[in-house]
Amino acid sequence: MAWEYVSPEQLAGFDKYKYSAVDTNPLSLYVMHPFWNSIVRFFPTWLAPNLITFSGFLLLVFTFLLMAFFDPDFYASAPGQEHVPNWVWIVAGLLNFTAYTLDGVDGKQARRTNSSTPLGELFDHGLDSWACIFFVVTVYSIFGRGETGVSAVVLYFLLWVVLFSFILSHWEKYNTGILFLPWGYDLSQVTISCVYLVTAVVGAETWYQPVVFNILYRDLFTTMIVGCAVCVTLPMSLYNVFKGYRNNTLKHTSLYEAMLPIISPVLLFILSTLWILASPSKILEHHPRLFYFMVGTTFANITCQLIVCQMSNTRCRPLSWLLIPLTLAVVVSLSTVTPRDETLALVLLTVLVTLAHIHYGVNVVNQLSKHFNILPFSLRKPSTD
């Protein structure tokens, strides 16, 4: 018997769902959309949009694993270390841009084949929430750790800037009913792809040099991420919600109800930050990639549940059950005296979170596929035999 994560109330809400989004980004409107419109014409009409979405996601996962093989601890770009081969940077750049392109054409393929469904949007945005961890951590290898790089703790906080920027869009939609597409996404994907290719040509040593005066490229990288979030993403989100409040069109008039989707992400941030700052064995310094993955996967699960609620117009639950094993892992880690025990706690938690998230995703897709009588990766109708 399948585990049913989507309630009957939510299924009824999905039946009434209508897609509503606003994209005002000039790069997206005048460059990328015309490019995607030309690309989608080459796709066969039998190709399911969800298969395009999933293929793009798998390219990001492969890039993450490829970079993890050549740069497991983020020291490969540091002075005096064996650098990542140039061909790896070329592959990373091409695959990242291809994944970004597939993410842009899946919706166009759905409209082209008359196969748009709420499941398609949920599948797309759900995978996007998990993709955050893969492309952010892969980018880290450009600068890495060391004198000219970024510390593991700084990257941890930069990761959270990206995660909170992502969930802000869905928090907006939860309250306004409209998905305001963030400007930073398109610009970041094009920039990341180009930087990978440039690194292959000029080498990682180029990023050691200051841009101007004593400002290093790593400082520019950090400033751009934080600046985009603080000066663009956050103000625009708050303005859109305020505009809904002023026009009396918000779905939730209570401040508590409006802020429900933020509670679990904030608690996840607090717990994971407490762990790395109070860790007896400095867990983030020894296992940064694993820790980032655990945080990103937990965040993705929380975000997916929010997306289900905002699309079905149902109340968001304030707490995710995945915070319970995380809390236990933090308590155990902070009370242990051996690095081995703390590492074991992180490994077990990561396995649990990953399996739980995959189980959630597979069962939600199967449940909605059955509800809408569709095959998730095919345009054919399910057999009624």
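Closest approach of Asp124 to Asp103, counting heavy atoms only: OD1-OD1, 2.8 Å. What you find for Val202 and Thr206 is that their closest heavy atoms are O-OG1, 3.0 Å. Contact record, Ser38 with Phe35: OG-O, 2.6 Å, taken as the closest heavy-atom pair. Nearest heavy-atom pair, Val161 versus Ala229, reported as atom, atom and distance to 0.1 Å: CG1-CB, 3.4 Å. Residues Leu250 and Val241 come closest through the heavy atom pair CD2-O, 3.7 Å. Contact detail for Tyr239 and Arg246: the closest heavy-atom pair is OH-NH2, 4.3 Å.
Dense packing is recorded around CG of Asn247, with more than 12 heavy atoms of other residues, nucleotides or ligands lying under 6.0 Å away. Within a 6.0 Å radius of NZ in Lys370, other residues, nucleotides and ligands contribute 12 heavy atoms or fewer.
A salt bridge is defined here as a Lys NZ or Arg NE, NH1 or NH2 lying under 4.0 Å from an Asp or Glu carboxylate O, and Glu285 with Arg145 meets this definition. Note on Glu121 versus Lys173: salt bridge recorded, some NZ/NE/NH1/NH2 to OD/OE distance being below 4.0 Å.
Judged by distance alone, the side chains of Asn363 and His359 do bring a donor and an acceptor atom under 3.5 Å apart. In summary, the side chains of His371 and Asp15 do present a donor paired with an acceptor at a separation below 3.5 Å, with no hydrogens or angles considered. Under 3.5 Å, the side chains of Thr24 and Trp183 contain a donor-acceptor pair of N or O atoms.
Relative to the ring axis of Phe64, Arg289 places its NZ or CZ within 45° and under 6.0 Å from the centre.
When Phe135, Phe57, Phe299 are each tested for a ring pair (Phe, Tyr, Trp, His ring centres under 6.0 Å) with Trp130, only one passes: Phe57. A ring pair (Phe, Tyr, Trp, His ring centres under 6.0 Å) with Tyr185 is found for exactly one of Phe166, Tyr100, Phe180, namely Tyr100.
Aromatic ring centroids of His83 and Phe70 lie 6.0 Å or more apart. Between Trp275 and Phe291, the ring center distance clears the sub-6.0 Å criterion. Two rings, from Phe221 and Phe143, have their centers less than 6.0 Å apart.
Hydrophobic clustering (side-chain heavy atoms under 4.5 Å, transitive across Ile, Leu, Val, Met, Phe, Trp, Tyr) groups Phe74 together with Leu284. Under the 4.5 Å side-chain contact rule for hydrophobic residues, Leu290 and Ile358 share a cluster.
Using cut-offs of 30° and 60° on the angle between ring planes, the pair Phe54 and Phe123 is tilted.
The CD atom of Glu147 lies 10.0 Å from the OH atom of Tyr208; values are rounded to the nearest 0.5 Å. Rounding to the nearest 0.5 angstrom, the gap separating the CG atom in Leu306 from the CG atom in Asn301 is 11.5 Å.
Looking at Met311 and Ile307, their side chains come closer than 4.5 Å, going by heavy atoms from C-beta outward.
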